[in-house]
Amino acid sequence: NVKDGKGPVLTLPTDADRPRWNALPTEIAKGNEQVAEARKLGTPLFEQWFAKAKPADLDADIPAKALVARLALNEGKGLPAGTTAAGEPVTWNKAGKIGPAPVFKKGSHLVIGAAGDFGTKQAFSAAAWIKADKVEGTGAIIARMDDPKGAQGWNFFQSGRNLGVYIISKWPDDALKVVTTRNVVNTAYQHVLMTYDGSDKAAGVKIYVNGVLAETRAEVDKLKTDTKATTTTRIGQRSQSEPFHGAIQDVFLYARALDPSEATTLAKLGALRQSLAGKPNAQQKEALREHFLLNRHEPFKLASNAVAK
């Protein structure tokens, strides 16, 4: 609150919230104990899997339920599969995250059509690897937003050093806007993912960076109407504005809100494949174990998701 001149604000639990507040430390400690016990039980199963595992085996762990689109965007030349060009052609950077990556700038973006046709009260998720060329300005990473119709639709965007999500029926009186708060964007490759539970509340929007839930704040929390944008879904721009500057790759769209363990899985799979392709060191093996437990050992997954919530 320094910017508004009002000084720091300390949020205290209300009388109604105090019983829950007092119970949380015990619940968290119990949850952590359950995670530790599940890890112990699942480790022998991991060792059996690890002895024979190949990089391609990890593809089975990509969340498949309600997956409506995946675009690798790693062809290295021409037009990426599943897209149509708009404006200037994208250029390619050989040093992508999963092969060559398309690089976007003002005047270039990709259209992916009907995928992502989500209503403002429909649960969905969107994810991608990004490498921002700069950490100022605003640019749409993935969007289905109709600028001439009051910015109707949704938009997962970079705003300087932060990320944000718009879900809009009519701006600003029938809309949500949620942004991260801790300067999470840099110019390295980062895995970014947003989820929305369809609740029409800002609290229903989550943003993850490299598989970790980011702290967010609601700037607008007034969504009332259930609408759908009639424009197409785009990578690298809204319908007419906010071009992204940098690389975007491995785009996923889901017609549901992914859970925290699934967000972690999408962020970690690329590095895990590389580990299995060689001879994993102790740190890499530990990362593989955590992945295995989150995706193939149900007691650990349930305990971890409960603590994350």
Side-chain angles (χ1 to χ4, degrees), residues 23-67 70 72 97-98 123-129 184 188-197 205-216 249-309:
L24 276 175
T26 300
E27 292 182 12
I28 292 171
K30 182 178 179 181
N32 287 333
E33 289 176 2
Q34 292 172 338
V35 169
E37 180 63 21
R39 179 181 284 109
K40 181 179 178 180
L41 293 174
T43 293
L45 299 175
F46 163 72
E47 293 292 349
Q48 294 175 18
W49 173 84
F50 179 71
K52 300 179 180 179
K54 301 292 188 294
D57 296 341
L58 294 171
D59 289 343
D61 297 331
I62 295 173
K65 181 181 177 183
L67 175 63
R70 181 191 181 185
K97 192 66 180 179
I98 58 165
F124 70 94
S125 303
W129 282 99
V184 297
Y189 270 102
Q190 297 177 283
H191 191 267
V192 298
L193 183 148
M194 59 75 55
T195 70
Y196 170 54
D197 64 5
V205 176
K206 309 294 182 188
I207 299 174
Y208 297 81
V209 181
N210 294 328
V212 178
L213 183 64
E215 182 180 300
T216 58
Q249 192 170 46
D250 210 19
V251 170
F252 283 80
L253 293 173
Y254 288 87
R256 65 181 179 92
L258 298 184
D259 66 35
S261 66
E262 292 172 320
T264 299
T265 293
L266 285 183
K268 304 301 183 185
L269 278 176
L272 294 174
R273 286 193 193 95
Q274 292 178 352
S275 296
L276 275 180
K279 186 176 181 180
N281 60 32
Q283 184 177 5
Q284 291 169 331
K285 184 176 179 180
E286 179 58 24
L288 285 162
R289 182 176 74 149
E290 290 299 297
H291 170 82
F292 174 89
L293 294 174
L294 275 173
N295 289 274
R296 305 193 182 200
H297 189 58
E298 195 66 17
F300 185 87
K301 180 177 180 178
L302 292 173
S304 296
N305 281 338
V307 170
K309 292 177 181 178

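In this text the structure is predicted, and so the values were computed from the model without any measurement.
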task: Check side chain to side chain contact (heavy atoms under 4.5 Å, CB included) between Ala255 and all other residues, then give those that pass, not counting sequence neighbours.
output: Ala66, Val68, Phe118, Gln122
- request: Give the C-alpha distance, both sets of side-chain angles, the deciding distance and a yes or no for side chain to side chain contact (heavy atoms under 4.5 Å, CB included) between His291 and Leu58.
  value: CA-CA 9 Å; His291 170 82; Leu58 294 171; 3.7 Å; yes
field: Smallest separation among heavy atoms of Trp129 and Ala267, with atom names
entry: CZ2-O, 3.3 Å
task: Please assess Glu47 against Lys285 for the test side chain to side chain contact (heavy atoms under 4.5 Å, CB included), listing each intermediate value before the final yes or no.
output: CA-CA 10 Å; Glu47 293 292 349; Lys285 184 176 179 180; 3.3 Å; yes
Report, one line per pair, each donor and acceptor closer than 3.5 Å where one atom sits in a side chain of residues 30-37; sequence neighbours left out.
unit_1: Asn32; atom_1: ND2; unit_2: Ile28; atom_2: O; d: 3.4

Any Phe46 side-chain heavy atom under 4.5 Å of Leu288 side chain: yes
task: Take the angle between the ring planes of Tyr254 and Phe252 and call it parallel below 30°, perpendicular above 60°, tilted in between.
output: parallel
- prompt: Pairs in or reaching into residues 262-285: which pass ring-ring contact (aromatic ring centres under 6.0 Å, His included), with residues at least two apart or in two chains?
  reply: none
Output a table of donor-acceptor pairs, distance under 3.5 Å, between side-chain atoms of residues 207-215 and any protein atom two or more places apart or on a different chain; print 'none' if there are none.
unit_1: Asn210; atom_1: OD1; unit_2: His191; atom_2: N; d: 2.8
unit_1: Glu215; atom_1: OE1; unit_2: Arg182; atom_2: NE; d: 3.1
unit_1: Glu215; atom_1: OE1; unit_2: Arg182; atom_2: NH2; d: 3.2
unit_1: Glu215; atom_1: OE2; unit_2: Thr181; atom_2: OG1; d: 2.9

- request: Could you tell me whether Asp197 and Lys206 have a side-chain N and a carboxylate O separated by less than 4.0 Å?
  value: no
- request: Using side chain to side chain donor-acceptor pair (under 3.5 Å) as the criterion, list what pairs up with Thr265, not counting sequence neighbours.
  value: Asn295
task: Decide side chain to side chain contact (heavy atoms under 4.5 Å, CB included) for Thr195 and Arg256; before the verdict, give the C-alpha distance in whole Å, the side-chain angles of both, and the deciding distance to 0.1 Å.
output: CA-CA 8 Å; Thr195 70; Arg256 65 181 179 92; over 6 Å; no
query: Between Arg296 and Trp49, which heavy-atom pair has the shortest distance, and what is it?
result: NH1-NE1, 3.1 Å
task: Mark yes or no for whether Gln48, through its side chain, and Leu45, through its backbone, hold a donor-acceptor pair below 3.5 Å.
output: no
message: If you compare all heavy atoms of Leu276 against all heavy atoms of Phe50, which two are closest, and at what distance to 0.1 Å?
response: CD2-CE1, 4.3 Å
Gap between atom CG of Asn305 and atom OG1 of Thr264 - 0.5 Å precision: 8.5 Å
field: Distance in Å, Leu272 CG paired with Phe292 CZ, rounded so as to fall on 0.5 Å steps
entry: 13.0 Å
query: Who pairs with Glu298 by side chain to side chain contact (heavy atoms under 4.5 Å, CB included), at least two apart in sequence or on another chain?
result: Lys301, Leu302
- line: For Pro280 and Ser275 the tightest heavy-atom approach is CG-O, 3.4 Å
query: Any side-chain heavy-atom pair from Leu294 and Lys268 closer than 4.5 angstrom?
result: no
field: Minimum-distance pair of heavy atoms, taken over all atoms of Leu258 and Ser125
entry: N-OG, 3.0 Å
task: Show your working on side chain to side chain contact (heavy atoms under 4.5 Å, CB included) between Thr216 and Val205 and close with a plain yes or no.
output: CA-CA 9 Å; Thr216 58; Val205 176; over 6 Å; no
- line: Between Arg39 and Leu293 the two heavy atoms that sit nearest each other are CG-CD1, 3.7 Å
